[in-house]
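Quick notes on the structure that follows.
The basis for the numbers below is simple: all heavy atoms, side chains too, and nothing from hydrogens, waters or symmetry mates. Not measured: the values here are computed from a predicted model.
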Amino acid sequence: MHAGLKPLYRSLRFARLKRRSFAAFPLAVLGVVVAGLCLFPSCNDIINYPVPVIGTLTPSTIQAQYGQFTLTVTGKQLTPASTVLWNGSFLITYFQSVTELDAVVPARDVEAPGAASITIETPQPGGGISKSLIFTISPPPTPVPQISGLSPSGVLAGSGAFQLVITGSNFVNASVVTVNGDNRNTTFVNANRLETQIQTADVATAGMVQIAVTNPPGGTSGPGGGASTPVALVVSNPVPTLSTLSPTAVVAGTSTTTPVTITGASFVPDSVIQFDGAPTTTIFGGGTQISMSLVAGDLAQAAVHRVQVVNPGPGGGPSNVLIFPVNPTLTHGLPELLDYGFDGSQANQGLCGTNCAVGPPTLTTAGPSVTSDGKTIAFASTSTNLLKDQANAGSD
């Protein structure tokens with residue numbers, strides 16, 4: 001061996017025997033040494049890489065969906081040829097020193113919560129794979145949900161159970177729909193749609209049913225989550241309709257209290273019967289029947305009274321009108337000419353037009369006139385709502 005290389009050769013052999021890092025020597029010098037050694041047929045020693053030792057990970061955990069980041073791995077006996085492995089797959093690795101490597105972790109590797117096994121591999125000659133450390137991928141923070149719409153957005157009171165669709169954003173598998181603050185079984189469709197069942201009791205009466213969505217906390221320390229701003233499901237009263245009255249009429253002078261039963265549809269507990277426009281004490285008998293009581297004062301004189309039912313809001317409104325006659329007798333009540341149409345509504349042009357002229361009667365000003373036997377009253381009217389399905393718009 002060349003006399004000038006003997007001291008350095010002995011140093012290299014000592015380094016290999018002690019498992020010291022090959023990377024601890026300047027690469028340029030090693031190149032010269034190896035080249036020098038290879039000049040001599042008697043040189044057959046091989047310089048081996050040491051087995052890497054893994055120490056710590058920085059960071060050691062990260063939240064899912066964080067994106068690409070740099071993982072710093074510390075240890076011992078690391079070389080420029082050493083590589084960091086993520087679950088057995090090589091990462092792009094940058095050698096910093098014999099005790100530190102930096103590796104680029106792509107976003108796809110931390111997309112979902114879980115754990116990854118981190119090791120260091122140094123190639124041959126020598127080398128090997130270190131023990132593993134566990135890198136934790138924690139769930140991401142849960143966002144606060146937002147509601148943008150309900151389907152249906154409103155229903156009629158008493159309509160029964162139905163499926164409600166909630167649309168919005170930031171919904172997760174664990175999202176829970178609340179109805180007036182009560183948790184309900186929730187079907188997760190996607191991040192923008194949830195479904196739940198509205199119960200019959202929820203919509204039994206008119207009002208506002210508050211719908212909200214709650215997301216649980218997420219992440220390792222439970223950040224995020226919370227409840228959305230509530231959105232009102234409007235439960236409206238229907239418009240009632242009247243079919244019959246029982247009794248259909250009474251005679252004037254009836255001195256006892258007379259109950260009157262109304263049959264129809266879409267009655268609600270808050271429905272009110274109006275008698276000639278005035279509210280009366282109403283007894284709710286169900287969606288198709290309500291009743292009131294008339295006292296002697298209501299029945300003292302002959303008249304034709306108007307009966308109507310009003311449902312309160314939201315929704316609701318007045319029903320059609322039914323006529324309740326109080327018929328005269330020989331001793332009670334006189335006949336009256338009533339300016340009402342067939343359905344009890346006010347005649348829209350009066351008995352003889354807008355203005356009854358003085359002088360000979362015409363087709364728009366005649367009447368009223370009674371026959372000599374008192375059985376018939378004749379009058380002319382331009383009202384268009386006195387007769388059902390009136391064909392002409394002229395005077396009748």
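Residues meeting the side-chain hydrogen bond (donor to acceptor under 3.5 Å, both in side chains) test with T200, sequence neighbours left out: none. In this structure D202 satisfies the salt bridge (charged side-chain N to carboxylate O under 4.0 Å, His left out) test together with R184, sequence neighbours excluded.
Residues A296 and S255 come closest through the heavy atom pair CB-O, 3.6 Å. Among all heavy-atom pairs drawn from E100 and L78, the shortest one is N-CD1, 3.3 Å. The two residues H305 and A303 have their closest heavy-atom pair at NE2-CB, 3.8 Å. Of all the heavy atoms in G168 and N192, the pair that sits closest is O-ND2, 2.9 Å. Taking each heavy atom of F171 and R193 in turn, the nearest pair found is CD1-N, 3.4 Å. P145 approaches S228 most closely through the heavy-atom pair O-CB, 3.2 Å.
Residue I92 places its CD1 atom among 12 or fewer non-hydrogen atoms of other residues, nucleotides or ligands, all under 6.0 Å distant. Counting non-hydrogen atoms of other residues, nucleotides and ligands closer than 6.0 Å to CZ of F162 gives a total above 12. Within a 6.0 Å sphere centred on CG of D182, other residues, nucleotides and ligands contribute more than 12 heavy atoms.
Not a single donor-acceptor pair under 3.5 Å links the side chain of S153 to the backbone N or O of L150. The backbone N or O of G286 lies less than 3.5 Å from no partner atom in the side chain of T288, so there is not a single donor-acceptor pair. With hydrogens and angles disregarded, no donor-acceptor distance shorter than 3.5 Å links the side chain of N170 to the backbone of Q146. Not a single donor-acceptor pair under 3.5 Å links the side chain of T248 to the backbone N or O of L245. D109 contributes no side-chain N or O that, together with a main-chain N or O of W86, makes up a donor-acceptor pair within less than 3.5 Å. Between the side chain of T263 and the backbone N or O of S243, no donor-acceptor pair lies under 3.5 Å. No side-chain donor-acceptor contact under 3.5 Å links S319 to the backbone of L242. Between the S130 side chain and the P52 main chain, no donor and acceptor come within less than 3.5 Å of each other. Although no hydrogens or angles enter the test, the distance criterion places a donor-acceptor pair under 3.5 Å between the side chain of N87 and the main chain of S117. Not a single donor-acceptor pair under 3.5 Å links the side chain of T136 to the backbone N or O of S138.
For the pair Y66 and I137, the minimum side-chain heavy-atom distance is 4.5 Å or more. Side chains of M208 and V234 form a contact here, defined as non-hydrogen atoms less than 4.5 Å apart. Proximity of T241 to N320: side-chain heavy atoms (C-beta onward) are separated by under 4.5 Å at one or more points. In this structure the side chain of V326 never reaches within 4.5 angstrom of the side chain of Q301, judged on heavy atoms. T281 has its side chain out of reach of S293: every pair of non-hydrogen atoms, C-beta onward, lies at least 4.5 Å apart. Put simply, the side chain of I47 does not reach to within 4.5 Å of the side chain of P125, judged on heavy atoms. At least one side-chain heavy atom of L57 sits less than 4.5 Å from a side-chain heavy atom of L71. Put simply, the side chain of T122 does not reach to within 4.5 Å of the side chain of Q77, judged on heavy atoms.
Under the 4.5 Å side-chain heavy-atom criterion for ILVMFWY residues, a single connected hydrophobic cluster contains both L133 and V110. Cluster membership check: I198 shares its hydrophobic cluster with I166, using side-chain heavy-atom separations under 4.5 Å among Ile, Leu, Val, Met, Phe, Trp and Tyr. Taken together through direct or relayed side-chain contacts under 4.5 Å among Ile, Leu, Val, Met, Phe, Trp and Tyr, L85 and V73 form parts of separate hydrophobic clusters. Grouping the Ile, Leu, Val, Met, Phe, Trp and Tyr side chains by contacts below 4.5 angstrom, directly or via other members, places I262 apart from V310. V239 and V272 are members of different hydrophobic clusters when ILVMFWY side chains are connected at heavy-atom separations under 4.5 Å.
In this structure, F69 and F135 have parallel ring planes: the angle between them is below the 30° cut-off, well short of the 60° mark.
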When you look at V105 and L91, which way does the side-chain contact (heavy atoms from CB on, under 4.5 Å) test go after all the steps?
-> CA-CA 7 Å; V105 179; L91 299 178; 3.9 Å; yes
Start with the C-alpha distance between T74 and T56, add both sets of side-chain angles, then the distance that settles side-chain hydrogen bond (donor to acceptor under 3.5 Å, both in side chains), and finish with yes or no.
-> CA-CA 5 Å; T74 63; T56 62; 2.3 Å; yes
Let me see the working for I273 and V307 under side-chain contact (heavy atoms from CB on, under 4.5 Å), right down to the final yes or no.
-> CA-CA 7 Å; I273 301 172; V307 178; 4.1 Å; yes
Residue pair T282, M292: steps toward the side-chain contact (heavy atoms from CB on, under 4.5 Å) verdict | CA-CA 5 Å; T282 302; M292 64 177 176; 5.5 Å; no
L194/F188 under side-chain contact (heavy atoms from CB on, under 4.5 Å): CA gap, chis, key distance, verdict | CA-CA 5 Å; L194 300 173; F188 173 80; 3.7 Å; yes
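With rounding to the nearest 0.5 Å, the separation of CD1 in I129 from OG in S82 is 11.5 Å. For the atom pair Q308 CD and F275 CZ, the distance stands at 13.0 Å (nearest 0.5 Å). With rounding to the nearest 0.5 Å, the separation of CD in E195 from CG in L164 is 9.0 Å. To the nearest 0.5 Å, the span separating CG on D298 from CG on D276 amounts to 8.5 Å. Between the CG atom in L299 and the OG1 atom in T257 there is a gap of 9.0 Å [rounded to 0.5 Å]. The CD1 atom of I283 sits 10.5 Å away from the CD atom of Q289 when rounded to the nearest 0.5 Å.
Each of D102, L101, I120 was scored for a side-chain contact (heavy atoms from CB on, under 4.5 Å) with T93, with one residue passing: L101. Here the options are T196, V177, N180, the test is side-chain contact (heavy atoms from CB on, under 4.5 Å), and the partner is I211; only V177 passes.
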